[in-house]
Amino acid sequence: MANLLQQTTSLWNVTMFALAAVVLLLVVLGFVTYAIYFERKVIGWMQLRIGPNRVGPLGLLQTVADVAKLLMKEDTRPQNADKALFALAPVLAYAPAFGVLAVIPFTDSIQFADLGIGVLYYIALSGITVLGVITAGWASNNKYSLIGGLRSAAQMISYEVPLVMSVVGVVLMTGSMNLREIVEAQKDVWNIVPQFLGFLVFLVAAQAELNRTPFDLPEAESELVAGYHVEYSGFRFAMFMLAEYVYMFGMGALVTILFLGGWLPIPGLSFIPGIVWFILKFSLYVFFQFWLRATMPRLRADQLMSFAWKGLLPVALLNILITAVVISVQNGSFHS
Amino acid sequence: MSGSFAAFFILSLLTIGGAVFMISFTRVVHMVISLGVTFLSIAGLFILLEAEFVAVSQVLVYSGAISILMLFGIMLTKHDAIEDGGSRGVNRIVGFLIVAVFFAICFWAIQRTTWPGPAPISQPDVSNAKQIGMEVFTKYVIPFELVSVLLLVALVGAIIMAKKEGDNE
């Protein structure tokens, strides 16, 4: 894949790029379909229900049926909505969600772009989605969607800071922002052990970035009807929904790479191929999401901001300080 | 036609188009979005120049900045607020003359400049984030620290001003 990028442009390799992207899109769509199914099943079991079990064997086709229903719905648009921005917003929200997947190394050979600054690329691109969310909230011309959009902007922008800060520890230890090198540096011990503090901050901040429980205030249905996408229906609503789950895919992959050792096996079990390890660790994170959603209540809006700035950020800074001091001692900086 | 030329053409078109629409739109949210198009296309141009660290920083800084700008635009203006057509007559002619003179000066200066030959291409396996870091913390360390102190002063100043207003209420 990587050496394809160095060739001169021709019809053949442009077609190859397009095909590879379509394959990734299909994988992601498959993930989203079954992530939603497992979410409903897992939450069902945790609440002593059965969950979806009617459509297909074990209810496996439930999400397919739901998506088909969603896509056949009438595409409504409020009369006073801003037409152009109303159409643009789902694109602005979804495109970066898919774009961030380009730098994720799934194994040491399956990767689209081997960027030297992979971590930063992911974080920078995911920031664009906020713009799509505010645009959606404003263009709908509805007070609930505007409130949802504003909440979402405040939340995502302030939680981005501890998210970035918690990754700095990992980058310091590796000496590189390249995601593949970060995984390879974890050969001896996964980053979750030396960077446990950073891992905790990252986990909480990632939850807020994904707008998921207990930080799902932008979509608090009891307060806001639905949030920034109140007025959307049909295909456009599906785009927002998809963006959210694709971010979950991306964030799961990022946690796996940064802290859980990516495709590296547990010592002694290296006969199992790397991609299986990646999927296992990734599924663990996804399950953690559903587990939280079934058990945690939502945070109050006024506690949200102070938690990010007064709670998470100092902890993340402390983590950077400790990491930097330890690395300096190891390199012998204090023995002049 | 090589891929990078096509990309350059599209990106420069988007950059200039975003800037032009930013001026000609009448609603504040539309202006912010077209400004966003300009900033993101400039990031694309940086990538074409193989300065991916600068490109990503551009996206990182400006996507947040545009969102904040949009929030202020929404909160400080009315929903249906539309800027009126702008000035007419003499003002327009004067404005056009000033812009024309400015363009002429810029064009003349750019044409006259003798550009230095392309810098020796650094080894591509050293990531340019590393190179920028080396330069900033050795050669440019004092300006860099001064800028960070300046930003800190601005931050503290903003907090003090906001606090004063809060106490009066």
Side-chain angles (χ1 to χ4, degrees), chain A residues 5-10 13-14 17 80 82 84-85 88-89 92 95-96 99 103 113-135 137-143 146-147 149-154 156-158 160-161 164 171 175-178 181, chain B residues 1-7 21 25-37 39-40 43-44 46-47 50-75 77-82 124-133 159:
Chain A
L5 286 172
Q6 309 298 332
Q7 296 166 358
T8 49
T9 324
S10 69
N13 55 26
V14 168
F17 293 149
N80 288 326
D82 191 305
L85 290 189
L88 181 69
L92 265 181
V103 287
D114 193 13
L115 277 189
I117 39 153
V119 181
L120 268 187
Y121 171 87
Y122 184 102
I123 291 164
L125 232 65
S126 65
I128 301 176
T129 294
V130 186
L131 197 61
V133 168
I134 312 175
T135 310
W138 184 83
S140 305
N141 203 355
N142 173 321
K143 50 171 108 56
L146 187 57
I147 294 173
L150 294 189
R151 271 189 184 188
S152 175
M156 286 166 93
I157 289 174
S158 27
E160 212 170 74
V161 179
V164 178
V171 174
S176 164
M177 286 188 276
N178 182 320
E181 284 171 24
Chain B
M1 191 172 66
S2 71
S4 66
F5 181 74
F21 277 112
F25 276 143
T26 52
R27 282 186 152 195
V28 73
V29 175
H30 295 180
M31 291 177 191
V32 174
I33 295 271
S34 53
L35 191 64
V37 170
F39 283 144
L40 293 181
F46 278 129
I47 287 182
E50 293 183 12
E52 68 260 20
F53 180 75
V54 185
V56 168
S57 315
Q58 165 99 5
V59 176
L60 194 63
V61 170
Y62 282 113
S63 64
I66 295 164
S67 310
I68 299 282
L69 195 64
M70 197 159 171
L71 289 188
F72 279 118
I74 291 170
M75 286 193 289
T77 58
K78 275 185 282 181
H79 180 81
D80 298 323
I82 284 184
D125 43 313
V126 177
S127 76
N128 56 31
K130 207 167 204 164
Q131 287 173 334
I132 290 174
I159 292 173

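From a predicted model like this one, the values you see are computed outputs, not experimental measurements. Chain naming here is simple, since letters A, B, ... match the order of the sequence lines and numbering starts at 1 in each.
- From A/Leu131, atom CG reaches atom CD1 of B/Ile68 across 11.0 Å, with rounding to the nearest 0.5 Å.
- Both the backbone and the side chain of A/Ile123 come within contact range of chain B, each with at least one heavy atom under 4.5 Å from a heavy atom of that chain.
- Residues A/Thr135 and B/Met70 are in side-chain contact: their nearest non-hydrogen atoms beyond the backbone lie under 4.5 Å apart.
- Neither the backbone nor the side chain of A/Met156 comes within less than 4.5 Å of any heavy atom in chain B.
- Contact count versus chain B (heavy atoms, under 4.5 Å) is highest, among A/Leu92, A/Val130, A/Ile134, for A/Ile134.
- A/Leu88 CG to B/Ile33 CD1: the interatomic distance, rounded to the nearest 0.5 Å, is 6.0 Å.
- Only the side chain of A/Ile157 comes within less than 4.5 Å of a heavy atom of chain B; its backbone N, CA, C and O stay farther away.
- Applying the 6.0 Å contact sphere to CZ of B/Phe39 captures more than 12 heavy atoms from other residues, nucleotides or ligands.
- Between chain A and the options B/Ala43, B/Ser63, B/Ala55, heavy-atom pairs under 4.5 Å are most frequent for B/Ser63.
- Interface remark: A/Ile128 contributes backbone and side-chain atoms alike to the contact with chain B (heavy atom separation under 4.5 Å).
- Smallest separation of non-hydrogen atoms from B/Phe53 and A/Leu120: CE1-CD1, 3.5 Å.
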